[in-house]
Amino acid sequence: MDRAATSEKIAALIEPFNKKGIAISDATSFAGDLEFDSLTVMDFVAAIEDEFDIIISMNQQAEIETYGQLVDAVVKLKG
Amino acid sequence: MTDLFSKFDPLIQMRTDLLSTGVTDPFGLVMEKVISPTVAMCNGRETILLGTYNYMGMTFDPDVIAAGKQALDDFGSGTTGSRVLNGTYAGHKAVEQALCDFYGMDHAMVFSTGYQANLGIISTIAGKGDYIILDIDSHASIWDGCKMGDAEVVPFKHNDIEAMEKRLKRIPEGAGILVVLEGVYSMLGDIAPLKEMIAIAKKYGAMVLVDEAHSMGFIGPNGRGVAEEQGVLDQVDFVIGTFSKSVGTVGGFCVSNHPKFEIMRLVCRPYVFTASLPPSVVATAATSVRKLMHAADKRAHLWENSRVLHGGLRERGFKLGTETPQSAIISVIMPDLERGAAMWEALLHEGLYVNLARPPATPAGMTLLRCSLCAAHSAEQVQTIIGMFERAGKKVGII
Ligand SMILES: Cc1ncc(COP(=O)(O)O)c(C=O)c1O
């Protein structure tokens, strides 16, 4: 799956968690812009993991602050 | 200069706001005198204790106290050294033997606290390239153990068997796996479906660590915990426990049947680089652990207390953390921190101490009044407690 297709899928998965309807770009940050708390992060990460059949460990999550970084990480994990 | 404390400003503000409502600081209580395992003097008032972890009421057991006094006389007040240097006395070996006998396991390693036991064992056995799969509601000491080590850390939704299996399934072939679970989760007092979870963990070749801090002494036919109760203790690779709850003193431990377990004493830094427990503490712990092997009557009374309190509070309209009483912890869910603190204070005025718990210790941002029962609470005390809850709950407008 290429980056654009991955990004599209992730964008769809974010929707139910994007309570304020923030416009998503690669620079959108999860903590700052989307105001994700730790519970939301857990549910959101589980949704991504299930969709792509991957593990995003807490260690990897610590490196991911923005939407763009998440897309890159998923692309890389999918190989 | 950047003030390194500025990161705490939101918390400082939250505390200031709470205290400005005139409520007593729920995190500043002092017990002036302790009368028994269930009664203390607080603010000059005799107060029933319903927020300790003294589940089996061992803190004033005459045999336990006598053992401690004797050890003070015979071995002095402290060891001034690490377990691997000058800090292992006869008493440390004796308490480790008592734990082996209590759990029916080959090896026991005693740490200075339960917090350090989790910190040390988890960070040491799960290394780079290994995976730790753990429940999201795990105790802080488990999380800190994960953070201190180099393994990949993968949490799953609380007590969700399917979520756990999905994660196990995705771990790369050949990686070492440690599954970390608790018997009783101390915030809501609910227990884990260990039987199902451990079977799945084993299917994926994982080693299993279970923290039984809140079950020792009264859950399971021999008080060995939830894993024993569910018939899967022989499948558990490492049991973590503490002396600070049912045992009634301080200290932590890990018991295991792993044939190479003893090497831990040399490689586990929170074991090596700290002073060992004082002789009086290990003597009280050993005596208490051995007495807990024969405590069937106390165990039965504690369960009775738990059932009566759970039923009584529920009947009076309180919202509880579990549908049924699953442990000695009954958690009362508060609508918010402000009313939780008000209720806590109203109970204290009634002469009852409970734990006020709030995020980040609690799951899902809840404010809880945690009641932990003691085998030494009398049936009358439990009725008194229910009456206090009813009056305080009405006063604060929670029921
Ligand atoms: C589940 C759990 N594990 C470990 C600990 C730590 O025990 P200790 O008080 O001995 O440090 C506690 C107690 O706070 C606990 O609740």
Side-chain angles (χ1 to χ4, degrees), chain A residues 1-3 5-20 22 29-67 69-79, chain B residues 7 10 122-123 126-138 140 142-180 187-188 204 206 358-366:
Chain A
M1 204 185 311
D2 65 12
R3 194 180 190 282
T6 306
S7 174
E8 203 172 303
K9 272 198 166 172
I10 294 177
L13 289 170
I14 280 192
E15 219 147 280
F17 300 97
N18 186 1
K19 296 268 158 43
K20 290 192 179 156
I22 308 272
S29 89
F30 293 104
D33 299 325
L34 291 166
E35 298 175 13
F36 278 15
D37 59 17
S38 59
L39 279 173
T40 312
V41 167
M42 182 188 68
D43 288 339
F44 176 59
V45 168
I48 304 268
E49 287 178 328
D50 289 351
E51 173 67 34
F52 293 96
D53 197 26
I54 52 173
I55 285 182
I56 311 175
S57 69
M58 303 265 293
N59 322 42
Q60 290 162 323
Q61 288 171 36
E63 309 281 311
I64 300 171
E65 286 175 4
T66 65
Y67 177 78
Q69 289 168 344
L70 175 64
V71 175
D72 290 339
V74 172
V75 169
K76 200 165 150 222
L77 283 164
K78 279 308 279 180
Chain B
K7 56 175 89 56
I122 294 170
S123 66
K128 203 162 179 57
D130 297 331
Y131 282 76
I132 299 172
I133 307 289
L134 79 166
D135 191 293
I136 192 89
D137 287 352
S138 293
I142 293 172
W143 282 111
D144 291 355
C146 291
K147 207 161 181 182
M148 199 168 108
D150 298 317
E152 297 293 321
V153 179
V154 183
F156 62 87
K157 192 165 166 231
H158 177 54
N159 272 352
D160 188 329
I161 301 170
E162 195 189 330
M164 184 190 82
E165 177 157 22
K166 272 188 196 160
R167 275 151 196 83
L168 282 165
K169 205 180 281 175
R170 294 178 191 139
I171 291 176
E173 191 87 32
I177 311 171
L178 179 67
V179 168
V180 180
M187 285 299 139
L188 295 177
Y204 291 92
R358 54 166 200 86
T362 53
M366 284 190 276

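The model shown is predicted, which means the values in this text are computed figures rather than measured ones. Residue numbers begin at 1 in each chain, while the letters A, B, ... track the order of the sequences.
Near-neighbour residues of residues 48-63 of chain A relative to chain B, defined by a heavy atom under 4.5 Å from a heavy atom of that chain, comprise A:E49, A:D50, A:D53, A:I54, A:I55, A:S57, A:M58, A:N59, A:Q60.
With a threshold of 4.5 angstrom between heavy atoms, B:K169 does not approach chain A through any atom at all. Of the atoms belonging to B:A163, not a single heavy atom falls under 4.5 Å from chain A. For B:I171, the parts lying under 4.5 angstrom from a heavy atom of chain A are both the backbone and the side chain.
In the displayed structure, B:K166 atom NZ is contacted under 6.0 Å by more than 12 heavy atoms of other residues, nucleotides or ligands. Under a cut-off of 6.0 angstrom, the local environment of NZ in A:K76 is sparse, with at most 12 non-hydrogen atoms contributed by other residues, nucleotides or ligands. Dense packing is recorded around NZ of A:K78, with more than 12 heavy atoms of other residues, nucleotides or ligands lying under 6.0 Å away.
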